[in-house]
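First comes the structure, then the notes that go with it.
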Amino acid sequence: MTISFELQDEIQSLQDTEAYEIPHEHDPETEHPERLLEAAVEAVAESSDAIQDPEVFDVYRSLLKHSKHVPGTIMSKLLDSISSGLQIELDATMREVEQGDQQGYMEHKLPLEMYAFLLHWFVIAAEKVKASDDDEGAAPAPKARRGRGGKAGGRVNTRTTTNKKNESWTWDVQIPPTLALISKVLRLQTQRIWTTTAEREAFITCLTRPAYHITESEQYMKNEKIRMGVYKVICLAVKHHGHSLAVQITIMQSLQFYEHLSEPMAECLSVLAKEFDHAQLGDEILREIGAKVFNSQDPKGPRAFARFLVKFAELAPRSILKQLSLLLGQLDSESYPMRVAIVEVIGYLAAELASQAQLDDGSDRTQINKQINGLFDLLLERAMDVSSYVRTKVLSVLSKLCDLGFKFPKQRLAVTQVAVAALEDKAATVRKGAVALLVKLLLTHPYGKTHGGYLELEIWEGEYQTIKAELAKAEGTVGNAVRDNNEDDEDEDGDEEEEDNEDVDEEGGEDEQDESERPKKKKKRSKVKIEDEMDVDENEDEGEDKGDQGDDTEEDEPSMSVDGDGSQATPRKKSKKKRSKLGPRKSQINVAAVADEQTALAELDTNLILRLRLQKRYYAEALNFMRQIEGAMDIMGQLLGSTSKPEVLEAMEFFRVAYEYRFESAKIGIKKMIHLIWTKDNSTSTSEDGKEIKGVRSRLLECYRNLYFDPIPDPEMSAKDQVNRISKNMIELTYEATLAELTSLEEMMRILMDEGHVHQDIITRLWAVYKSERGLPKEQRQGAINLLGMLALAKRSVLTDHVDVMLKVGLGRLGRADLTLARYTCVALQRLNGSAKKIKGSLLDKTLRIKMDDPIFRKLQAAVEQPCRSKEWFGLAEQAINTIYALGEHPDALCNNLIKKFTIRAFSRDPKPNGESLPPVEKDPDAMEEDNPGDVAKGSDDTTAPPEATQEEQGKDVGDAFELSQLLFIVGHVAIKHIAHLELIEREWKRQKDEKQTAEKQAASANGNTTAKDAEELDQVAGNAEDEIGDRIAGVRETELLYGPESLLALYGPMIVHICGSPHKFKNRTLRAAATLSFSKFLCVSSQFCDQHHRLLFKILETSKDANIRSNIVIALGDVAVSFSSIIDENSNELYKGLSDKDLVVKKNTLMVLTHLILNGMIKVKGQLGEMAKCVEDPEPRIADLAKLFFKELSTKENAIYNNLPDVISHLSTGDHAVEEEIFQKVLKYIFTYIEKEKQAENIVEKLCQRFRLSEEPRQWRDIAYCLSLLPFKSDRSIKKLIEGLQFYRDKLHEPEVFERFSEILAKARANKSKDKQQDSDLDEFEKILEEHRLQGEEDDALEKRVGKKKAAAKKRATRRSARSKTQAPVEENDSE
């Protein structure tokens, strides 16, 4: 019986399996499927032609149609049977094709089609079974059009069959052999068997569709064996069976509908091009993509095509390069993912061309360089793309290109320029990419073999000037030597050679690097020489240039060594140089005799000139690169303060690398970096590309350890040398450091000590430096003790064993000579009491207290009391008193003695001249040369202060103003320290009281006699006792310290007030500064004293011409406000005046103090916030940044900015405080960014509209309208409020700018509205009303002007008439007479 089978029709019918008709259909639920299959399998096993038997074929089709109800073991047997039958048919067919038996192989046509059809159906059915049985969803369900198979009635066997399938179904394992079988079939010469195109296409489609179906599963495509099997099937179909168009359509659809197929399809085309030598399909797909238009609103499509292009460019850049002209049109695509992809594609192409350029030294090199130039131009152009994603990708691609062996010397400067410009981009990701690119450019710079690879601008400039001078000298020599011989010819040749070298200049940097690798050892010696001497010998360079006379010029050109090629060659080169200079004189005597020699010298000098020109260009490019990097340092320093963590990390890496390459400006950045030690975020995270991102503080510590604290991997350095180097680095960090830098360094040292990164040998070395008997520079000793004090914060034992050394050195002879050393020693001594932070509310005090007869206090007293006229004394005295109060059990006793002695010194008459009162230690014979005690009193303006006696008449009762200043300084500082000491006494009393009551409670509870009521009463008594202690201490502070009959400080209060209040009597600047400082500290002691005298402090702030005094007062007022906020709050207007001070420091301190007081609620903001707002647009960036920071923090307080906004607008718009209109707009634009709540915006609209009614000046109208235009108008209520307020501003609409602002508001409202016709009509109506009132206002304004003109004319006429009448009146009187 012959079966009727048309493959094309059967495939078409298979679209809906439920409707698929089988003549002899079997139901696996009613018939046993195993028995059905067994007979069919046996028949096929006997003869593969048995598949043509309708009964056998229908069994296979029935099982596939009802595959849901077929056990997994049966499905496996079914696949084995189909595969073996197809394999047998294939082998037989291929044999007969090889034999040329046409009749024989044509008989296999139908069986092959039937087996291919069954295999095609099996893949669909198997995929469907997999999808229905796999609860994990490893593979997606097939397309709906494939059908779900027939649904038979009974469910009796469903569960058991499903369980069996789950046990034995292993389709994943069967896919690779199935695809391999299909690949074998595709190696058949189908054109011999299927003579018509339609039949052949149907057969090939039947074989390839299973592969396409498998690709739809993302899980399968992750399996490499399956993936490669699919590629092989597709490639064979394209290569041998003309299946290109179908594959092209399928790939385009796959890219559109299956995101996971982007990269696999690119790999498939790459395999097709490389292994099957068929690149046409890839070209066609690229052309189609290039012509495709992508919509910016489509989120998925462009991304899939973009990933495809990037992967294809990575695998087959040559294929992309051929179609690049078509793909470049996508650079103007609306969809930014496509632009990003094209940028990345260009990067891969540039990398491919660069690798080819390295291998190709022939004539194609020039063409390749032109292509590279064109690609770089495209990349740099995209650096200005509107999308930050594209700009970021450009910088990322350029960074990757820098990693290649090819250095791109010609493009590097342009790339560097783009990277520096991108540092100011508004997107943080772009700025991060720009910093990363600059780091990469530094690490891969092509100037690495000259000067040891370091980029010290000064050295390079010196060498450049040397080469420039040599070149000018050589060019002059050539011109004189051979001018009569062949001047013109050689000049032309030289120019031509230079032009040729310009063509190959692109590889110049690379060649120079390669060439310079040869004399590597000599270069090291050259580097040492340059570092030590910073001087270059011209003769060495010239000798090197002439060393290889007959060598090829291009081999010599790139070598940039400063040292010569050898000592033996040098004399010979110099003698030749001399002969060339004598050439012209010899030629005048006997031209014929020296013609040959002149020709040889001319050629040699031409080579020399060419070499020097290349050297000059090389150095010029290097200098240009270095200057661009130096120019980026300032912006890079600003990026250290960025809120973006990755950006900060990249900036830190840049400064680390730049510092290692010895950029001078990098030191400033390294110093700025140290302030990042206070960053709170120290968590480690993971970036998008899987890299670990460290915390900012961790990265900072790592950078500093790498630069300063870790040993160098140098086998020649001993352990002692390593310790000396690290100690030296640590000490140098303290040189010229500001207070802020020292504070941050202190925190860093504490952390490093805590984490065990500071070795004990380093601490020992620091002590050795500190107590060294040699004449070390003062800064070294100061840095050593400073660092030891910092380390002691983490570990007190650093200092405890060396107290005697500190007393001997810092408070001994060297300390008297160097007051700064003594001051740092005092700071270190303070660390002896530990650094345990006080817990709020805790009564524990872990500080160490020392008895007052300890040598420490004797030394401290002696250090303070030593006669001295240096201003450094004040810093020493401050820290000495701090140390006394930090360590002493009874510091007040010692301070009493100090005050009394300084009082006697200040008020006793000294008949000796001032010069004799210098410290006697100056005559110490043991004083060292550099630690000279006399240095502190040599009469400089900074260190001496003239006595008051020079300013007064000699006959009056006068004293030394400097000694009085010392007295007042000590009195003031003791007063402020004693307040803190009283707080410690209060806490100690409370602790003792608490211990006593705790013991009583325990004793009572042990006796068992205490009831709950008794315990409660006991607690109340304890609370009352604590209150009594607090009241007692407060009473001492309030009434006894400055007013008590036995108080020493009480004697000095009136004196300080008198000195501060009599500037005409006490004119010495040092005295006035000390008195004002002490007066400020006294104000913090007692509210009574503060209430009586605070106005004097405000008066000094207003009238003093000394910026330092004003600055100190501003800071002091902040402290006074903390102590007595109500007093300062009443006079806060005076404090705001400091914001208008001409001195920058006063202004900055005022802003910082106000920020602190306002944000902490110590003073109330009334109407003065406008003064703070002015600072937002201050010319000084630091002031503007502080002001912006203030408003940012203020915005976190609920409604703080909203409540004060009307006052700010009034303050800046009208009155004496008004600012220019442009500044007003900039300030308000910034402040309005913090109005985010819609309810607040609605209320502001209402308030601003009402302001129009009270304003009369056009300037105010414009300001109010501008403020209205800054609001978002997102809600209907805001628009409604605006319309309701029309009556207040309708008569102001004739002002052009006011009307323009309302037009902007309408545009903004329309942009925020949804598609609601009613809302649109309301806005249209409102627009018409505004237009009508504008016209009406213009008419009214014009009418008013006309009326005004007429009134003026009438008044003028009346004036003339009255004047005429007055002149006529006397005439009439005369006539009557």
Side-chain angles (χ1 to χ4, degrees), residues 423 428 431-436 438-440 442-443 629 632-687 691-712 725-759 762 783 786-787 789-791 793-795 835 1185 1189:
L423 292 175
R431 297 195 299 268
K432 172 185 172 290
V435 180
L438 287 172
V439 171
K440 195 68 71 177
L442 278 174
L443 291 172
I629 296 293
M633 294 289 182
D634 290 341
I635 307 171
M636 206 70 73
Q638 295 173 19
L639 296 185
L640 288 173
S642 170
T643 55
S644 171
K645 178 179 173 182
E647 191 179 352
V648 174
L649 293 174
E650 287 292 350
M652 291 166 67
E653 178 67 9
F654 171 83
F655 279 118
R656 184 189 70 79
V657 172
Y659 182 83
E660 288 181 345
Y661 279 99
R662 300 186 181 176
F663 279 91
E664 194 64 29
S665 302
K667 295 177 183 177
I668 301 171
I670 293 291
K671 274 196 169 185
K672 278 187 179 179
M673 272 169 56
I674 200 170
H675 299 308
L676 297 172
I677 196 69
W678 306 103
T679 306
K680 294 179 182 177
D681 176 24
N682 197 36
S683 58
T684 303
S685 56
T686 307
S687 64
K691 293 181 181 178
E692 184 183 54
I693 300 178
K694 290 189 174 183
V696 172
R697 195 169 65 189
S698 300
R699 182 67 186 135
L700 174 68
L701 292 171
E702 184 181 323
C703 282
Y704 264 78
R705 285 203 306 273
N706 290 340
L707 293 175
Y708 299 115
F709 308 140
D710 286 350
I712 297 177
R725 173 190 158 273
I726 294 171
S727 303
K728 179 173 177 288
N729 287 343
M730 292 173 70
I731 291 173
E732 285 177 352
L733 287 175
T734 64
Y735 290 176
E736 298 180 2
T738 63
L739 179 60
E741 288 165 355
L742 287 174
T743 306
S744 298
L745 181 63
E746 180 179 85
E747 178 67 8
M748 178 181 286
M749 289 295 139
R750 184 190 67 76
I751 295 172
L752 289 173
M753 191 69 185
D754 266 339
E755 296 177 355
H757 293 298
V758 181
H759 197 272
I762 296 172
N786 207 347
L787 285 166
M790 294 174 184
L791 296 174
L793 284 171
K795 196 174 179 182
S835 59
D1185 291 343
L1189 181 63

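Quick caveat, the model's predicted, so the values are computed rather than measured.
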Can you name the closest pair of heavy atoms from [X] and [Y] and give their distance?
| X | Y | result |
| --- | --- | --- |
| Leu640 | Ala651 | CD2-CB, 3.8 Å |
| Ile726 | Pro711 | CD1-N, 4.2 Å |
| Ser642 | Glu647 | OG-OE1, 2.9 Å |
| Arg697 | Ile677 | CD-O, 3.1 Å |
| Leu438 | Ala632 | CD1-CB, 4.4 Å |
| Leu791 | Met753 | O-CG, 3.7 Å |

Are any of the side-chain heavy atoms of [X] and [Y] separated by less than 4.5 Å?
| X | Y | value |
| --- | --- | --- |
| Glu747 | Leu793 | no |
| Ile635 | Arg431 | no |
| Ile629 | Phe654 | yes |

Can you tell me how far [atom2] of [Y] sits from [atom1] of [X], rounded to the nearest 0.5 angstrom?
| X | Y | atom1 | atom2 | answer |
| --- | --- | --- | --- | --- |
| Arg656 | Cys703 | CZ | SG | 6.0 Å |
| Met636 | Gln638 | CE | CD | 11.0 Å |
| Met749 | Asn786 | CE | CG | 10.0 Å |
| Leu733 | Leu787 | CG | CG | 7.5 Å |
| Asn706 | Ile712 | CG | CD1 | 11.5 Å |
| Leu700 | Leu649 | CG | CG | 10.0 Å |

Check your understanding: How far apart are the C-alpha atoms of Leu442 and Phe663, what are their side-chain angles, what is the distance that settles it, and do they pass the side chain to side chain contact (heavy atoms under 4.5 Å, CB included) test?
Key -> CA-CA 11 Å; Leu442 278 174; Phe663 279 91; 3.5 Å; yes
Practice item. Decide yes or no on side chain to side chain contact (heavy atoms under 4.5 Å, CB included) for Ile668 and Met633, but give the supporting numbers first. Key: CA-CA 9 Å; Ile668 301 171; Met633 294 289 182; over 6 Å; no
**Study point:** Pair Ile670-Tyr704, side chain to side chain contact (heavy atoms under 4.5 Å, CB included): steps then yes or no
**Key:** CA-CA 9 Å; Ile670 293 291; Tyr704 264 78; 3.5 Å; yes
Check your understanding: Does the side chain to side chain contact (heavy atoms under 4.5 Å, CB included) test come out yes or no for His759 and Phe709, once each step is laid out?
Key -> CA-CA 10 Å; His759 197 272; Phe709 308 140; over 6 Å; no
Review point. Does the pair Glu746/Arg750 count as a salt bridge with the N-to-O cut at 4.0 Å?
Key: no
Review point. Under the 3.5 angstrom rule, does the side chain of Ser744 hit a backbone N or O of Glu741 as a donor-acceptor pair?
Key: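 The answer is no, because no donor-acceptor pair under 3.5 Å joins these two groups.
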Exercise for review: For Glu702, check salt bridge (Lys or Arg N to Asp or Glu O under 4.0 Å) against everything at least two apart and list the hits.
Suggested key: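 Salt bridge (Lys or Arg N to Asp or Glu O under 4.0 Å) list for Glu702, sorted by chain: Lys694, Arg699.
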**Study point:** Exceeds 12 heavy-atom contacts within 6.0 angstrom, atom NZ of Lys671
**Key:** yes
Point to revise | Glu736 atom CD: more than 12 heavy-atom contacts under 6.0 Å | key: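 No - once you tally the heavy atoms of other residues, nucleotides and ligands closer than 6.0 Å, there are 12 at most.
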Review point. Partners of Tyr735 by ring pair (Phe, Tyr, Trp, His ring centres under 6.0 Å), sequence neighbours excluded?
Key: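 For Tyr735, no residue satisfies ring pair (Phe, Tyr, Trp, His ring centres under 6.0 Å) once neighbours in sequence are set aside.
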